[in-house]
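The structure under discussion appears below in the form of structure tokens.
Remember, it's 1-based here, ligands and their atoms both numbered in the order they're listed. For clarity, every value in this text was computed on a predicted model and none was experimentally measured.
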Amino acid sequence: MLAVSLRCVTRPGGSKLAILVLKNAQLTLQAVQVRAYSSEYSHHEARVESIRNIGIIAHVDAGKTTTTERMLFQSGRTRHLGNVDHGNTTTDFLPMERERGITIQSAAITFQWPPKSLCPPGIEPQTINLIDTPGHQDFRYEVDRCMPILDGAVCILDGVKGVETHTERVWSSAHLSRIPRLLFVNKLDRDGASFRRSVQEVATRLKTWPLLCQIPWWNKDDLWGVIDVIHQHGLRFNTTNGSMNVVSKDSIARDNPALKDEMETARLRLIETLSEHDDQIMEDFLEHEGNVPSSSIKRAIRRLIMDGRARFTPVFAGASLRNIGVQPLLDAIVDYLPSPLDRPPLELTMGMKATTLTQVLEQRIKRKGTHHSEAPIAAIAHVFKVVNDPRHGMMSWLRVYHGTFNRSSNMWNSNTHMFEKPQHILHVSAKDHHSIAHLSTGHIGAMTNLKSARTGDTLITFPGHHGGGNHAPEPFGNLRIKAPDTPPAVAFISIEPYTRTASEKLEEALSKLEREDPSIRWSKNEKTGQLILSGMGELHLEIAQDRLWNHYKIDRDSAVWGDIEVEYSECLLAPTGPHRALYDRTIRDKQGRAGCTVSLEPLEADPGHEHQGALLESAVEREGNILHVSIPLPEDSTTLPFDPDLVRQQLINGAIAGLARGPRRNAPVRRCRVHITFDPATDYFGESVSTGGHITNAALAAVKAALKAAHENKTVGILEPFTRVQIHCPEEAGNAIQHDLVAARGGQVEEVRRPEDMDRSQVIQPFNTPSKGSSGEDGEQGVEEEEEFKVDPSKVYVPPDPYESVDSLRGPKKAVVRMLTIIGKAPLKEMMKYDGHLRSLTGGRHTLVLDPAGFELVVGPRERALEEGR
Ligand SMILES: Nc1nc2c(ncn2[C@@H]2O[C@H](COP(=O)(O)OP(=O)(O)OP(=O)(O)O)[C@@H](O)[C@H]2O)c(=O)[nH]1
Ligand SMILES: [Mg+2]
């Protein structure tokens, strides 16, 4: 007999939870939650060890927002199930996001898991700060800037499409920040979904060893749930509200012996993989004669992923739209991903030196008038985002790494070298904010009214420093947390305001827009008054325009808005220099003088992320160039008469300004290695003569002179942005598309494949052979090779999809139109509006995915056409 009872629990804060209890049922039900969420949730009080700062990352449309929405519902954080297709999700709250059904900005939301009522006695819920990121490649900076503040990430795959180009990119970004990850293969309810292919691609393309913690549970054509490989039971879901039933192994064995065998194989293979790399589990295996306890397996998985190198990644399965697999994914976040305390020491720079937060805190200083020694800094945080909010004005989002900030904190911004105090400290949950008293270690929040803070800035408080004075204690005023680089702009629009008032209004709005999103840049041609707005692609610029009109209330009719065009850059084809410049003009009524010497040489490709660690000591990478500064010590001295870090920064600022406009097209110069020498004997004339402005201008003048000389020698080339092209189209349109891509668009076809082909040896050769010699791989961020560790895809275990096996659990696969995927690359210019053109070739039955492929040198007829303005 089945007995059902309903229990209603009132929790502190007025929230209610109704628990439906099923007794004597073969399937035991967890809970149906109808909890009202209290806005006074005090997440900022959560203990640091119970926090999980997690990002959801993936290619566009993989289901990040849908999964987030389901998590919020299951945790009781929301009471309705929002849907991106209906424009009513919690995290996609901007009107533009709701209209387009796409995430544009990353949104943070906090909830607890498991809900308190489901926690076993003595176990506290964990606080999950979740960041739902956008998947479209035009918003990749939005993802990159969130990476440094995450402690863990869930990477979602579309079970039909597998690993997509942007999946590789976000994976690689997470890799740089050494973020431990989980993988969730989503959309397994869709026709054509293949868990097997997705997992194989995880091994081949993401180069991580998949640890299958779950396998999908299909019944005929329906996805019922998932099999928990570790605990050896099934999890079946109610697709309307996601309530979850645990189905025992015996029950599965009765109904579906093949599935039971597969779940046993899966566990064995998981243990085998783990024991090859983890000694502890090997010992457990021997001690328990193969019957390793589930808790040991889980601990081994956690150990293997904790370093964030993603040599192994636990894999989960589901279909979040159908509410399948969400709760176990939440359990996995809590079980496997680290709290802020479990992370390696935070890496910092102090001036040009690399250090860690632990090393800084270990240093002891004595303040005047005190007898005890203390750590040199009281608190440190990283500003990862700045948003112009209609209610609060500019809001700076930050993550605290050490200490506590409150409203009276006198915070030093080590980038702008200014002290500031916040007006309010806010807890942010999607579009709602509420004021909180303080923000401490491991927490994420926002501050209002910071005048100068920008994305990437580091905020520090010093012990006993409550206000007054403009100087931070040296050398700790130069402590910085590494911020991600802004990727180069690839497209722009010109804006020609009709009146001066309109121009001023626009310039003010553009400055705010650029402060919000540093991957947007703008400049003004002082002669013509034309404004140029550059960004990461067509969609990015459309959204920027939309924000200018609707958020910043710019009258559309106050200016002529040009079409979106591609942004070219300039590069050197041969070394030039050394060029010495002596700058001795008056700056703001102040006479002065400073000199420096600059030589430039071409880089083979844009500096990639691999340079980042290596560069710290000697050079910096900015806007696709590497800048070295050397300041030789005078022979007769052991000290310099100035602060070398400050002078270095002034020289770098000047050089960056000099590279912003090239001699050939007035376009930014990139792929340059710049050597700046500042000799105190000949270039420095004393503190009052060689002011910061004069030093900066000396570097600017020297770089400009070097570039001018290169142009006169005809050694300045033009680079154009390329894009990786992936076209999924009906087979019959394949030839016409390939021909168009190669003959009419200057592109290359590199591979043609049938997505349903499991075996990669079945790749069909394209009808043209791509020329691979070009050096345009700069923008591409392939997954970093781990030399000592290789995944052998042939050894990766993954169960067959049911439709492959004779004892099909799922019945025959539905017939689908035969499709091809064409992969290649082409100039971005030719791919603008290409979607519309493809429609005429495929009748609209295609998908086009473009992903940045860096810059390539423009040569031959394309260069001539560009020179002639065609
Ligand atoms: N069939 C099916 N559709 C899904 C599933 N998850 C998401 N979708 C659909 O996939 C589309 C994209 O979902 P989103 O949640 O917006 O994906 P996203 O990854 O957040 O997309 P971006 O933020 O724009 O990159 C929507 O139409 C969803 O309804 C799933 O499990 N099964
Ligand atoms: Mg989304």
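- Counting backbone and side-chain atoms alike, Thr133 contributes no N/O/S atom closer than 2.8 Å to the Mg ion (ligand 2).
- Compare Ile56, Thr103, Thr67, Asn186 by their heavy atoms: the one nearest to atom 23 (O) of ligand 1 is in Thr103.
- Proximity to Ser320 (heavy-atom distance under 4.0 Å) selects the following atoms of ligand 1: 6 (N), 31 (O).
- A donor-acceptor distance shorter than 3.5 angstrom exists from the side chain of Glu69 to the backbone of Thr90, with no hydrogens or angles considered.
- Closest to atom 3 (N) of ligand 1 among all protein heavy atoms lies Leu321 CD2, 3.5 Å.
- By the 3.5 Å distance cut-off applied to N or O atoms, Asn83 is not counted among the residues near ligand 1.
- Checked against a 3.5 angstrom limit, the closest N/O atoms of Arg322 and ligand 1 fall outside it.
- Atoms of ligand 1 lying under 4.0 Å from any heavy atom of Ile102, numbered from 1 in the order shown and given with element: 24 (O).
- Close N/O approach between Thr65 and ligand 1 is found [any backbone or side-chain N/O within under 3.5 Å].
- Of the candidates Leu211, Asp335, Thr313, Leu211 is the only one forming a side-chain contact (heavy atoms from CB on, under 4.5 Å) with Ile301.
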Quiz item: Does the salt bridge (Lys or Arg N to Asp or Glu O under 4.0 Å) test come out yes or no for Glu542 and Arg100, once each step is laid out?
Solution: CA-CA 12 Å; Glu542 275 175 29; Arg100 292 168 189 251; 3.5 Å; yes
Show me the donor-acceptor pairs, under 3.5 Å and distance only, between side chains in residues 145-154 and residues at least two apart or in other chains.
residue, atom, partner, partner atom, Å
Arg145, NE, Glu142, OE1, 3.2
Arg145, NH1, Thr455, OG1, 2.8
Arg145, NH1, Glu516, O, 3.0
Arg145, NH2, Glu142, OE1, 2.8
Arg145, NH2, Glu516, O, 3.0
Asp151, OD1, Arg399, NH1, 3.0
Asp151, OD2, Asn53, ND2, 3.1
Asp151, OD2, Arg399, NH1, 3.1

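- When all heavy atoms of Pro852 and Gln137 are compared, the closest pair comes out as CD-OE1, 3.2 Å.
- For atom 32 (N) of ligand 1, the nearest non-hydrogen atom of the protein is Asp189 OD1, 2.8 Å.
- Atom numbering of ligand 1 starts at 1 in the shown order; those under 4.0 Å from a heavy atom of Val84 are 13 (O), 14 (P), 15 (O), 16 (O), 26 (C), 28 (C).
- Heavy-atom contacts of Val60 reach the following atoms of ligand 1: 24 (O), 25 (O) (cutoff under 4.0 Å).
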Notebook entry, point to check: Which is it for Arg197 and Asp801 under the salt bridge (Lys or Arg N to Asp or Glu O under 4.0 Å) test, yes or no, and what are the steps along the way?
Noted result: CA-CA 9 Å; Arg197 196 183 61 244; Asp801 289 319; over 6 Å; no
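- The residue from Thr89, Val143, Asn323, Asp61 that puts a heavy atom closest to atom 12 (C) of ligand 1 is Asp61.
- Checking Thr66 against the Mg ion (ligand 2), every N/O/S atom stays at or beyond the 2.8 Å cut-off.
- Among Thr89, Thr133, Asp132, the single residue meeting the side chain to side chain donor-acceptor pair (under 3.5 Å) criterion with Thr65 is Asp132.
- With respect to atom 26 (C) of ligand 1, the closest heavy atom belonging to the protein is Asp85 OD1, 3.4 Å.
- For the residue pair Ser173 and Arg140, no side-chain donor N or O sits within less than 3.5 Å of a side-chain acceptor on the partner.
- Closest heavy-atom contact between Gln214 and Pro328: NE2-CB, 3.2 Å.
- Ser106 and Lys385 share a side-chain donor-acceptor pair at under 3.5 Å.
- Contacts with ligand 1 closer than 4.0 Å are made by heavy atoms of both the backbone and the side chain of Lys187.
- Lys64 N, 3.4 Å is the protein heavy atom nearest to atom 18 (P) of ligand 1.
- Between Gly63 and ligand 1, a contact under 3.5 Å exists for at least one N or O pair.
- Looking at Asp546, Asp389, Asn388 one by one, the single match for side-chain contact (heavy atoms from CB on, under 4.5 Å) with His551 turns out to be Asn388.
- Partner of Phe139 under the side-chain contact (heavy atoms from CB on, under 4.5 Å) criterion, out of Thr103, Asp517, Leu539: Leu539 alone.
- In this structure, Ala62 is part of the shell of residues with a heavy atom less than 4.0 angstrom from ligand 1.
- Closest to atom 14 (P) of ligand 1 by heavy atom, among Ile57, Val160, Thr66, is Thr66.
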